[in-house]
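Note that this is a predicted model, so its numbers are computed, not measured. To find a chain, count down the sequence lines: A is the first, B the second, and so on, and within it residues start at 1.
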2 protein chains.
Amino acid sequence: MDSNIPVTIKDVARLAGVSIATVSRALNESDVVKDQTRKAVLEAVEKLGYNRNEVARSLKFRQTRTIGIIAPELSNIFFMEVVEALERCLAPKGYSMIITSSYDSVEEEKRKLQILIERNVDGMVVMPSGSEGEHFLSKALSNIPLVLVDRRIKGLKVDSVETDNRFGVHKMIQALNNEGFSRIGFIGGDPDIHTAGERLHGYLEAMAEHNLPVEDRFVLHQGAMTQLNGREQLKKALSESDHPDAFFIANDSMHLGATIHAIENVQEQELKKLVFASFDYLSYAPLLKLCHYAVSQQFEQIGEEVAALLLKRLGGDWEDFPKHVMLRPEIKVIKANGGVPFEQGEQGLMENQADEGNTADLCSYF
Amino acid sequence: MDSNIPVTIKDVARLAGVSIATVSRALNESDVVKDQTRKAVLEAVEKLGYNRNEVARSLKFRQTRTIGIIAPELSNIFFMEVVEALERCLAPKGYSMIITSSYDSVEEEKRKLQILIERNVDGMVVMPSGSEGEHFLSKALSNIPLVLVDRRIKGLKVDSVETDNRFGVHKMIQALNNEGFSRIGFIGGDPDIHTAGERLHGYLEAMAEHNLPVEDRFVLHQGAMTQLNGREQLKKALSESDHPDAFFIANDSMHLGATIHAIENVQEQELKKLVFASFDYLSYAPLLKLCHYAVSQQFEQIGEEVAALLLKRLGGDWEDFPKHVMLRPEIKVIKANGGVPFEQGEQGLMENQADEGNTADLCSYF
DNA sequence: CTGAAAGCGCTAACAG
DNA sequence: CTGTTAGCGCTTTCAG
């Protein structure tokens, strides 16, 4: 009864007593075909449980309605928020997503790129794992729209969408300074990591901007941006008797680690004086009691911008290529922990800028 | 120079001065072809930047080397951990993954299922969004291996892999009882949600098992399993003057919410008495200071089991169909917060059981 | 060892 | 309105 080979358009045609062309037409340009015939076709389809073969259509049309995605790791919640937004924008247009992981290795990234090319994806979204990017210039890629997310690659003419990291850090330093801190430490990771580097630069720039002293002993930027490293870096900083009370911490994992270290090892008196500002505002933010200010990246918006850009290119519009969209993050002031809101004018300005950031291509923030 | 149409096997054949059949052979069964010819072909491939067209191969072979995935939401970190493990197992075998979201709607799940069928995926992994499952019996699906993750559907003969929720709850209740608590409250969600229901049942079973009193006023199982609801349910429980001190909380979001509520609203004296046990042990667990015990699901292992099962079916082995793999979660005792380790024998037993769980198909836990 | 030709399932001229 | 046919890019007999 249940034959094991799938039913094709041919089977439908035979059962409906028409030609395969008619079946095809009945299923697509339904207005050309006689009502009665279409009904017969549809009945046959129903009876046989026919599903159309997208692979065959893809071959014919030379397009797969598929977007390839390469992430450094799939369990990265940030990137998956972006992917979620992508799906929401692309699925209604008939696109599916093939998702792959580069395991943060450039070699693996190249391999996955090759696989996606062979699978004829119509477009690609890549969160690059390194700062190398020659493989994105592959000839095959010249026909495939590509959007880089979160990290741009130096000198590479490719569309990209990213958070304005430096803007976020500037705001954090400004807020801490505003609250009365002039000595502000930095806890981050190896500047070779794109976001680590951007945030370190932002920090240095902002400190200079506000004429604040940069004390090398308290500018810690080694190793991975992990919870463990966050613990250790803060421990190291606090081991110096004249450490600053305020720290900017470059990401959520390190922030978590630093907070845990502080809560577990610093005496009440000292603890009360400690103040953090950090990147990313996640579900457990209310437990990070030392945090006064946080930069909250707009992942959904990033996904939407990526999708819009991709769809534009897929539609054949290359007018403003390469476009680098830089989105302003939201700034959270955590009053419950002692964060001091920006002044009225300041705040208003910030909001305006943020609004511009939604749609415009911003490159500077002053 | 850069023609816009992709280079095909034909172009390679022409340049190499051979037939397309020879190109195909040179690229695949490399031993049949003369060394010299192969070299010529490979050179042409290089020169033209040829990439083979997987779509055409898929059509020919009637298989796409693609696995379709349906998740209730892509930003669900649990599921993405599973997907990450899947990628790690499947990618080396040449499989890619098409990932889609059902937005936790059965309707959308059906739609996505249809799309994946049309795209000729070789297999599917679905985390069902509801308890309905008739659509998984579709005729087209009879040829496509399908593995359900995290939730089984009543009476549906389909392979599945899930965490042994009840075992986890039993262990939590046992641990709390062991520590001296006989009154234990329950904070969870609407039992219609699969995990919420399983955990509620586990709680009721375990309480009966240990002859502990179930007080309806403190068995709260309404609404979504969200942070907000966690806050509110705990608040409600604590508003009764004779509330228990120990609570089992059914998932991480509610746990987070409950903890935040307690820290912010309960006085020191009361706070010290409060003890939680909960599902899921995440990066921020060290901040959940009321938590003595946690059930830590083995997502990686789940992914590996799913991959193994899928590959088995793809290899044509349907021997033990339908197979329901139930994996024992790891039990965390958080001593820093006051958790009391299981007794020696108990602990040993537990570890043994957990080891068995890695490989065996466990259905009961006593 | 290599080439010619059929065919995977579908669409789109082109004729009727 | 409908049928015939060529062809999307590739693999694979079947002959040489």
Side-chain angles (χ1 to χ4, degrees), chain A residues 3-42 44-45 48-66 94 117-122 140 143, chain B residues 3-42 44-45 48-66 94 117-122 140 143:
Chain A
S3 85
N4 222 23
I5 69 162
V7 14
T8 79
I9 202 173
K10 246 181 197 162
D11 305 313
V12 176
R14 196 174 312 126
L15 182 60
V18 296
S19 76
I20 59 168
T22 300
V23 175
S24 176
R25 279 190 283 255
L27 261 31
N28 301 310
E29 6 151 20
S30 44
D31 42 337
V32 194
V33 81
K34 196 160 64 178
D35 243 31
Q36 195 189 338
T37 356
R38 192 180 57 249
K39 230 182 85 185
V41 169
L42 262 27
V45 163
L48 294 171
Y50 166 79
N51 296 291
R52 76 168 166 201
N53 185 331
E54 272 297 331
V55 174
R57 297 189 95 215
S58 291
L59 182 60
K60 180 74 191 171
F61 286 141
R62 291 137 159 271
Q63 65 157 331
T64 53
R65 296 237 143 211
T66 302
I117 289 169
E118 292 180 350
R119 283 177 178 267
N120 282 14
V121 295
D122 293 347
N143 299 319
Chain B
S3 84
N4 221 22
I5 68 163
V7 14
T8 78
I9 203 173
K10 246 183 199 161
D11 304 313
V12 176
R14 197 174 312 126
L15 183 61
V18 296
S19 76
I20 59 168
T22 301
V23 175
S24 176
R25 279 190 282 253
L27 262 31
N28 300 311
E29 5 151 20
S30 43
D31 41 336
V32 194
V33 84
K34 197 159 65 177
D35 242 32
Q36 195 188 339
T37 354
R38 192 179 57 247
K39 230 182 84 184
V41 169
L42 260 27
V45 163
L48 295 171
Y50 166 79
N51 296 292
R52 77 166 163 205
N53 185 331
E54 272 297 332
V55 175
R57 297 189 95 215
S58 292
L59 183 59
K60 182 71 193 172
F61 287 141
R62 291 135 159 274
Q63 66 157 328
T64 54
R65 295 238 143 211
T66 302
I117 288 170
E118 292 179 352
R119 283 176 178 267
N120 283 12
V121 295
D122 294 346
N143 300 318

Participant: Would B:V23 and B:Y50 count as a side chain to side chain contact (heavy atoms under 4.5 Å, CB included) if you check the C-alpha gap in whole Å, the side-chain angles of each, and the deciding distance to 0.1 Å?
Facilitator: CA-CA 11 Å; B:V23 175; B:Y50 166 79; 5.6 Å; no
Participant: Between which nucleotides of DNA chain C, read 5' to 3', does contact with chain B run, using atoms under 4.0 Å from its heavy atoms?
Facilitator: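 Endpoints of the contacted stretch of DNA chain C: C:dC1 to C:dG9.
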Participant: Please answer whether the main-chain N or O of B:E118 pairs with a side-chain N or O of A:N51 as donor and acceptor at a distance below 3.5 Å.
Facilitator: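 The answer is no, because no donor-acceptor pair under 3.5 Å joins these two groups.
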Participant: Tell me the bend of the helix from C:dC1-D:dG16 to C:dG16-D:dC1 as the angle between end helix axes, each from five pairs, rounded to the nearest 10 degrees.
Facilitator: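 It works out to 50° between the end axes.
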Participant: So, using side chain to side chain contact (heavy atoms under 4.5 Å, CB included) as the criterion, who are the partners of A:L42 when residues are at least two apart?
Facilitator: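 Side chain to side chain contact (heavy atoms under 4.5 Å, CB included) check on A:L42 returns A:L27, A:R38.
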Participant: Please report the shortest heavy-atom distance between A:V41 and A:A16, naming the atom on each side.
Facilitator: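 Heavy-atom minimum between the residues: CA-CB, 4.0 Å.
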Participant: Please determine if a side-chain N or O atom of A:T37 lies less than 4.0 Å away from the OP1 or OP2 oxygen of D:dT2.
Facilitator: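 It does, given that an N or O in the side chain of A:T37 lies less than 4.0 Å from OP1 or OP2 of D:dT2.
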Participant: Sugar-phosphate atoms are those with a prime plus P, OP1 and OP2; base atoms are the rest. Using that split, label each nucleotide of nucleotides 8-16 of chain D B, S or - for protein heavy atoms under 4.0 Å, 5' to 3'.
Facilitator: BBBBBB---
Participant: Of all residues at least two apart in sequence or in a different chain, which pass the salt bridge (charged side-chain N to carboxylate O under 4.0 Å, His left out) check with B:R57?
Facilitator: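 Listed in chain order: B:E54.
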Participant: Can a donor-acceptor pair be found, under 3.5 Å and without considering hydrogens, that links the side chain of B:T64 to the backbone of B:N120?
Facilitator: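 Answer holds: yes.
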Participant: Mind checking side-chain hydrogen bond (donor to acceptor under 3.5 Å, both in side chains) for B:Q63 and listing every partner two or more places apart, or none if nothing turns up?
Facilitator: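 Applying side-chain hydrogen bond (donor to acceptor under 3.5 Å, both in side chains) to B:Q63 gives none.
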Participant: For B:R119, give me all partners under side-chain hydrogen bond (donor to acceptor under 3.5 Å, both in side chains), at least two apart in sequence or on another chain.
Facilitator: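 Counting only residues at least two positions away or on another chain, B:R119 forms a side-chain hydrogen bond (donor to acceptor under 3.5 Å, both in side chains) with A:T66, A:S96.
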Participant: Taking only residues two or more places apart in sequence, or in another chain, which ones meet B:T37 in a side chain to side chain contact (heavy atoms under 4.5 Å, CB included)?
Facilitator: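 In terms of side chain to side chain contact (heavy atoms under 4.5 Å, CB included), with neighbours along the sequence ignored, B:T37 is linked to B:V18, B:T22, B:V33, B:K34.
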Participant: Go through the structure and list residues passing side chain to side chain contact (heavy atoms under 4.5 Å, CB included) with B:D11, not counting sequence neighbours.
Facilitator: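 B:V7, B:T8, B:R14, B:L48.
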